[in-house]
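Below is one structure, written out as structure tokens; comments come after it.
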Amino acid sequence: MTRILLVDDQSLVRAGFTTILESEDGFEVVGHAADGVEAVRLAQELNPDVICMDVQMPNMDGLEATRRIVAGPSTAAVLMLTTFDRDDFLFESLSAGASGFLLKTADPDELVDAVHVLDRGDALLSPQVTRRVIERFGDVVAEPAGPGAAVIADPASALSVLTDRERATLMLLARGMSNAEIAGELFVGEATVKTHVSNILMKLGIRDRIHAVIWAYEQGVIAPSAS
């Protein structure tokens with residue numbers, strides 16, 4: 001059973017999302033929060049698997065709430081939901097530690113699919129959006145890493161724990177390639193690529209593939225020209 005926490009300051013939105021999500025077998029909405037303060041508290045108390053988080057809310061917005069949840073003991077994946085397709089919301093959400101970004105105008109099936117994706121431990125961004133992330137974070141490699149990325153004093157030493165194939169996968173991942181594209185480049189199956197990606201995340205202590213891309217650029221492991 002996938003346990004879901006809904007966070008939105010509009011009760012009608014929460015009710016609508018509850019109806020959509022609980023129509024899916026295996027989904028259970030375990031709590032509702034009307035602002036970021038309540039979201040942080042319930043994330044600790046209820047231990048959800050996925051948190052659907054509104055960006056703009058009173059008292060504490062979704063960005064700050066996500067930072068606090070990711071920095072705490074919760075292992076929940078955060079799906080950021082917003083009415084506006086704005087790059088600043090996207091980048092701030094990822095820097096805060098969110099694993100997915102979805103517009104509220106999306107179809108109900110897209111919301112259900114998004115929760116499935118995050119519950120599997122993947123990140124919800126298309127290769128095109130990943131390239132937007134690369135362009136953004138490739139320009140700020142000198143800045144400190146955000147809370148969504150692992151902070152490692154010696155990135156070269158961190159990379160030494162990866163096999164040659166895992167390092168190659170990370171480089172291709174950081175160019176915005178999908179699993180299918182990486183598989184074609186390395187002449188392996190997609191299942192093998194998924195295994196490499198899982199090993200990379202585990203060894204580097206990173207939440208998901210999008211934050212692996214951010215980590216690579218912020219730590220200076222990969223130069224912006226690699227994109």
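With T192 contributing its side chain and V188 its backbone, the two residues share no donor-acceptor pair below 3.5 Å. Although no hydrogens or angles enter the test, the distance criterion places a donor-acceptor pair under 3.5 Å between the side chain of E22 and the main chain of V29. Looking at E24, its side chain never comes within 3.5 Å of a backbone N or O of L21 through a donor-acceptor pair.
Nearest heavy atoms, A39 versus A33: N-CB, 3.7 Å. The minimum heavy-atom distance linking L170 with W215 is given by the pair CD2-CZ3, 4.3 Å. Across all their heavy atoms, P48 and A43 have their closest contact at CD-O, 3.5 Å. Nearest heavy atom pair, residue A114 against residue L102, reads CB-CD2, 4.1 Å. V30 and L46 make their closest contact through O-CD1, 3.6 Å (heavy atoms, listed as atom of the first residue, atom of the second, distance).
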Intermediate values then yes/no, side chain to side chain contact (heavy atoms under 4.5 Å, CB included), L79 and I51: CA-CA 6 Å; L79 173 64; I51 301 174; over 6 Å; no
Test side chain to side chain contact (heavy atoms under 4.5 Å, CB included) applied to V112 and I20, step by step: CA-CA 8 Å; V112 170; I20 292 168; 4.0 Å; yes
F17/I4 under side chain to side chain contact (heavy atoms under 4.5 Å, CB included): CA gap, chis, key distance, verdict: CA-CA 11 Å; F17 284 170; I4 304 164; over 6 Å; no
CA sep, side-chain torsions, deciding dist, call: C52, V115, side chain to side chain contact (heavy atoms under 4.5 Å, CB included): CA-CA 8 Å; C52 296; V115 173; 4.1 Å; yes
Pair R14-D9, salt bridge (charged side-chain N to carboxylate O under 4.0 Å, His left out): steps then yes or no: CA-CA 8 Å; R14 297 196 305 272; D9 60 328; over 6 Å; no
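Once rounded to the nearest 0.5 Å, the distance linking CZ of R3 with CZ of F27 reads 14.0 Å. Distance check, rounded to the nearest 0.5 Å: CD of E64 to CG of N59 gives 13.0 Å. Between E166 atom CD and L201 atom CG the span is 10.5 Å, to the nearest 0.5 Å. In this structure, the separation between CD on Q10 and NZ on K104 is 5.5 Å, given to the nearest 0.5 Å. Interatomic distance, NZ of K194 versus CZ of R120, reported as 7.0 Å (0.5 Å rounding). Here the straight-line distance linking atom OG1 of T163 with atom CG of N199 works out to 7.5 Å at 0.5 Å rounding.
With a 4.5 Å cut-off on side-chain heavy atoms, L186 and T169 count as touching. Contact check for L81 versus M53: no side-chain heavy atoms found under the 4.5 Å cut-off. Looking at V40 and Q44, their side chains come closer than 4.5 Å, going by heavy atoms from C-beta outward. Side-chain atoms of V7 and D54, non-hydrogen and from C-beta on, never get closer than 4.5 Å to each other. Counting heavy atoms from C-beta outward, M80 and V55 have side chains that approach closer than 4.5 Å.
Side-chain contact annotation: N179 with E190, donor-acceptor N/O pair under 3.5 Å absent. Under the 3.5 Å distance criterion, with hydrogens and angles disregarded, a donor-acceptor pair is assigned to the side chains of D119 and T2. Of the N and O atoms on the side chains of E38 and H32, not one donor lies less than 3.5 Å from an acceptor on the other residue.
Within a 6.0 Å radius of CG in D88, other residues, nucleotides and ligands contribute more than 12 heavy atoms.
A search for salt bridge (Lys or Arg N to Asp or Glu O under 4.0 Å) contacts involving D109 returns nothing, not counting sequence neighbours.
Of the residues listed (V70, I69, L63), the one engaging T66 in a side chain to side chain contact (heavy atoms under 4.5 Å, CB included) is V70, and it is the only one.
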